[in-house]
Amino acid sequence: MPHDTALSEFPSLVEWQAYEALQDSAPDIRLTPYVRHIPDYFGPRPFNIEVILARPPVLGAKQIGRILPADFKIGASGDLQVYSDMPLPEELVNRRPDLNLVAGGIPSAAPLGVESGVPIIPLAHPGYGIYGHWLIDICPRVAFFRALFPDSAFHLLVPDDLAAWAGTLVAEFFPDADMIIKVRKEVAYTGELFLCSPFRYHDHLSRMSVIARDVAFRAYPLEYDHRPERRLFVSRMHLAKQTRSLINREEVESLFRKSGFETIYPEQMSLREQVAVFSNAAVIAGEAGSGMHNSIFAPAGAATIVLQSARQSHFIQASLDFWGEKRVSLVFCEAQSNDWMASFTADLAEVEKCIRNADRRQNDCASVLMPTRRQPPDPAISTASAQFTREPDTCGSARRINRLATSLGAKRYLEIGAAQGSTLLNVEIGERVGVDPNPDFDADPAAQGVTRIKRMTSDEYFMVLENDEIFDLIFIDGLHTFEQAYRDFCGSLLHAHARTVILIGDTKPADVFSSLATHERAKTFREANGSSGVAWQGDVFKVVFALHDFHLGLNYRTIVGSGDTQTLVWRSTAGLRKPHFNSLEAISRLTYFDLLDHLSHLRECTEDEAIGLCLRDLDAERDRSG
């Protein structure tokens with residue numbers, strides 16, 4: 001794979017993942033995948049689709065940011081013109097309409113009158129008067145800066161003719177900015193600019209394209225439905241500026257209303273209202289455009305239906321929904337001419353087919369993004385379980401398991417290491433089995449009905465378990481040693497089906513003391529070092545390395561950042577990787593410092609990302625097998 005160009009092409013995400021897994025061989029190369037997602041589509045064949053399909057769906061590019069003292073001005077179209085003799089990496093200027101680099105300086109450039117040494121993030125872009133560009137092109141710059149320079153102050157730079165809604169977005173999304181500087185277009189200034197690589201190449205989008213979701217949720221800490229049911233049709237009927245208009249819009253909107261959709265007009269809502277409405281949506285439909293970009297606020301697993309002209313054969317919304325973990329379908333519509341901005345007509349029969357397809361896929365899997373309101377327990381769970389008080393699940397295990405259970409329709413759950421019952425008793429699955437030789441809670445009421453407690457070791461349990469006992473979800477949280485955890489994992493595989501998901505607890509130790517093989521040694525060495533704390537994860541992390549090298553038919557991700565660190569495992573052919581250690585004996589001898597040297601093998605990501613990838617892989621495997 002060539003490394004001397006700003007962009008490298010990959011024929012699929014599988015090849016990307018294989019390349020990503022071999023990054024240790026080229027430590028100076030860290031590419032980010034930019035994906036063009038082509039989902040199910042209905043209606044006429046989109047223009048030039050054969051050529052599009054022949055192009056690689058994944059681009060790899062280095063995503064970088066630089067602070068550059070320079071003269072600059074905002075052009076008439078909103079592009080940023082930077083005047084400097086300092087050479088810039090190709091990744092900053094390649095294939096982008098929003099940044100023009102010019103050699104030399106501008107003698108008439110005026111200082112901005114701000115504190116020296118505080119970087120300025122320019123929020124200018126062609127089309128900066130369009131809401132969608134703020135979500136997917138402009139807002140990510142600030143989030144990326146924060147990630148690179150978490151403790152740095154910063155100023156924001158905007159054109160002085162910014163629309164009122166855009167000014168509100170800047171003020172409410174980025175209240176930590178030291179100053180918002182308004183400048184006139186075509187006037188030269190000088191300052192220390194933060195410049196970064198783009199977050200999309202037309203309809204190839206990176207994960208950062210949906211970062212405005214996280215920014216908005218910090219700005220508006222709203223309450224979200226656990227199982228959202230709203231069906232939205234995003235109308236462009238009242239937009240002041242109509243381009244690429246849907247000719248039979250009234251008929252289309254009437255069809256969606258009959259299918260249970262409520263029509264909304266985002267431009268008539270405040271930013272907070274838009275985030276709140278879309279964050280509680282199960283299905284979102286509408287014409288391609290900025291209003292549909294609000295789908296990034298919807299829960300993972302939501303369905304989207306996008307109507308667009310067959311002449312506009314781009315996949316921007318589809319790629320956005322790919323990173324947002326949505327189930328997207330496209331309805332291409334007959335254009336009235338060959339013009340890119342031509343009006344178009346939707347085939348109502350094709351729209352109906354797309355609605356049925358979206359509903360079917362939504363029923364198959366309805367995940368959630370960030371529930372904060374608990375629903376009543378599943379009535380399938382015995383009332384006997386209500387005879388005791390549930391302990392709070394502070395590490396988030398039950399939340400993750402319940403999310404997966406809802407999406408997978410799980411009926412049977414196995415937990416190795418029930419301990420105090422804080423996870424087992426909060427899992428909302430019809431049949432639950434907890435295994436622990438010494439459960440530290442009142443197990444007798446729980447043993448009635450559908451919750452069974454097995455007072456034995458996991459080794460004893462797997463020895464006597466009938467071969468036909470199969471579970472949909474398995475949580476391994478027993479003894480924190482590599483040998484026992486790996487044995488529990490292998491035993492679990494014997495009682496799993498093709499869509500069983502396994503969650504392994506404590507796969508990343510908090511520190512070197514927490515990684516020791518016994519709790520006593522962790523405590524002894526921590527006290528001898530004068531350190532505080534009681535954490536002990538043991539050497540379970542070695543199980544992930546064994547997974548990496550010896551279970552190539554399984555895919556996995558390690559969840560960090562929202563509770564205990566745990567590794568999610570599922571069956572998939574998409575987890576292509578090259579064995580690294582190639583020896584169980586070598587893995588058994590690894591230390592905490594070896595873990596730090598090979599941390600990329602944990603494949604860390606957020607809870608939303610891990611669950612979303614797991615569900616997509618399982619659905620793809622099911623579709624492949626028919």
Side-chain angles (χ1 to χ4, degrees), residues 14 16-27 30 397 400 416-417 458-459 474-494 496 500-519 521-522 535-561 564-607 609-610 613-614 617:
V14 172
W16 164 264
Q17 290 165 346
Y19 177 80
E20 186 182 37
L22 298 177
Q23 289 297 283
D24 285 341
S25 63
R30 284 295 181 269
S397 304
R400 293 168 183 170
I416 304 298
S458 56
D459 291 340
I474 301 173
F475 179 36
I476 298 173
D477 193 32
L479 187 62
H480 297 173
T481 67
F482 165 53
E483 292 79 9
Q484 186 61 59
Y486 187 55
R487 203 155 53 237
D488 290 342
F489 175 74
C490 292
S492 297
L493 289 179
L494 296 175
T500 297
V501 173
I502 299 175
L503 186 67
I504 307 172
D506 299 295
T507 48
K508 185 180 179 182
D511 53 32
V512 66
F513 306 112
S514 304
S515 71
L516 298 176
T518 70
H519 199 181
R521 284 175 61 82
W536 177 60
Q537 289 81 29
D539 58 350
V540 180
F541 70 87
K542 299 173 186 176
V543 175
V544 184
F545 291 148
L547 261 171
H548 182 278
D549 278 21
F550 292 98
H551 296 270
L552 302 183
L554 303 175
N555 203 354
Y556 69 90
R557 288 296 185 274
T558 299
I559 299 172
V560 297
D564 280 3
T565 300
Q566 299 168 334
T567 298
L568 195 65
V569 186
W570 63 94
R571 191 175 300 181
S572 171
T573 57
L576 181 65
R577 54 192 180 268
K578 181 179 178 180
H580 183 96
F581 302 99
N582 210 29
S583 164
L584 278 174
E585 191 273 338
I587 291 173
S588 72
R589 295 180 180 275
L590 295 177
T591 68
Y592 175 76
F593 302 103
D594 295 316
L595 166 65
L596 297 183
D597 285 340
H598 302 92
L599 202 57
S600 62
H601 289 349
L602 292 189
R603 295 186 164 190
E604 294 176 309
C605 64
T606 67
E607 179 177 317
E609 292 167 341
L613 176 61
C614 170
D617 274 4

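- Taking Ala586 as the reference, Ser583 meet the side-chain contact (heavy atoms from CB on, under 4.5 Å) condition, with sequence neighbours excluded.
- Within the structure, the salt bridge (charged side-chain N to carboxylate O under 4.0 Å, His left out) test picks out the following pairs touching residues 479-493 (sequence neighbours left out): Asp459-Arg487.
- Smallest separation of non-hydrogen atoms from Trp536 and Leu516: NE1-O, 2.7 Å.
- The side-chain heavy atoms of Val540 and Ile476, taken from C-beta on, include no pair separated by under 4.5 Å.
- Checked against a 6.0 Å centroid threshold, the rings of His601 and His580 count as neighbours.
- Looking at Ile587 and Phe482, their side chains come closer than 4.5 Å, going by heavy atoms from C-beta outward.
- Shown are Leu568, Val569, Ile474; of these, the side chain to side chain contact (heavy atoms under 4.5 Å, CB included) with Val501 is made only by Leu568.
- Legend: residues meeting side-chain contact (heavy atoms from CB on, under 4.5 Å) with Tyr592, ordered by chain and number and at least two apart, are Pro509, Val512, Ser515, Leu595, Leu596.
- In this structure, the side chain of Asp594 engages the main chain of Thr591 through a donor-acceptor pair within 3.5 Å.
- By the side-chain hydrogen bond (donor to acceptor under 3.5 Å, both in side chains) test, Asp549 pairs with no residue at all, sequence neighbours left out.
- For Phe581, the ring-ring contact (aromatic ring centres under 6.0 Å, His included) partners two or more places apart in sequence, or in a different chain, are Phe545, His598.
- Listed here is the closest heavy atom pair of Arg577 and Arg603: CB-NH2, 3.8 Å.
- Take Phe489 and apply the ring-ring contact (aromatic ring centres under 6.0 Å, His included) test, not counting sequence neighbours, and it matches His551.
- Contacts of Asp477 classified as salt bridge (charged side-chain N to carboxylate O under 4.0 Å, His left out), with partners at least two apart in sequence or in another chain: none.
- A pairwise comparison of heavy atoms in Gln484 and Leu479 identifies CG-CB, 3.8 Å as the closest pair.
- With sequence neighbours excluded, no residue satisfies side-chain hydrogen bond (donor to acceptor under 3.5 Å, both in side chains) with Thr481.
- Put simply, the side chain of Leu493 reaches to within 4.5 Å of the side chain of Leu554, judged on heavy atoms.
- To the nearest 0.5 Å, atom OH of residue Tyr486 and atom CG of residue Asp539 are 14.0 Å apart.
- Within the model, atoms CH2 of Trp570 and CG of Asp617 stand 6.0 Å from one another, a figure rounded to the nearest 0.5 Å.
- Going from atom NE2 of His480 over to atom OG of Ser514 covers 11.0 Å, rounded to the nearest 0.5 Å.
- With sequence neighbours excluded, no residue satisfies side-chain hydrogen bond (donor to acceptor under 3.5 Å, both in side chains) with Ser492.
- Residues Arg557 and Cys614 have side chains not in contact (no heavy-atom distance under 4.5 Å, counting atoms from C-beta outward).
- For Arg571, the salt bridge (charged side-chain N to carboxylate O under 4.0 Å, His left out) test picks out no residue, with sequence neighbours left out.
- A 4.5 Å side-chain heavy-atom check between Val543 and Thr507 finds every atom pair outside the cut-off.
- If you take CG on Asp506 and CD on Gln566, they are separated by 7.5 Å, rounding to the nearest 0.5 Å.
- At a cut-off of 3.5 Å, with distance as the only test, a side-chain donor of Thr558 or Thr567 sits close to an acceptor on the other residue.
- Listed by chain and residue number, nothing satisfies the side-chain hydrogen bond (donor to acceptor under 3.5 Å, both in side chains) test with Ser588 (two or more places apart in sequence, or in another chain).
- Taking each heavy atom of Tyr556 and Leu602 in turn, the nearest pair found is CE1-O, 3.7 Å.
- A heavy-atom distance below 4.5 Å is not found between the side chains of Phe475 and Arg400.
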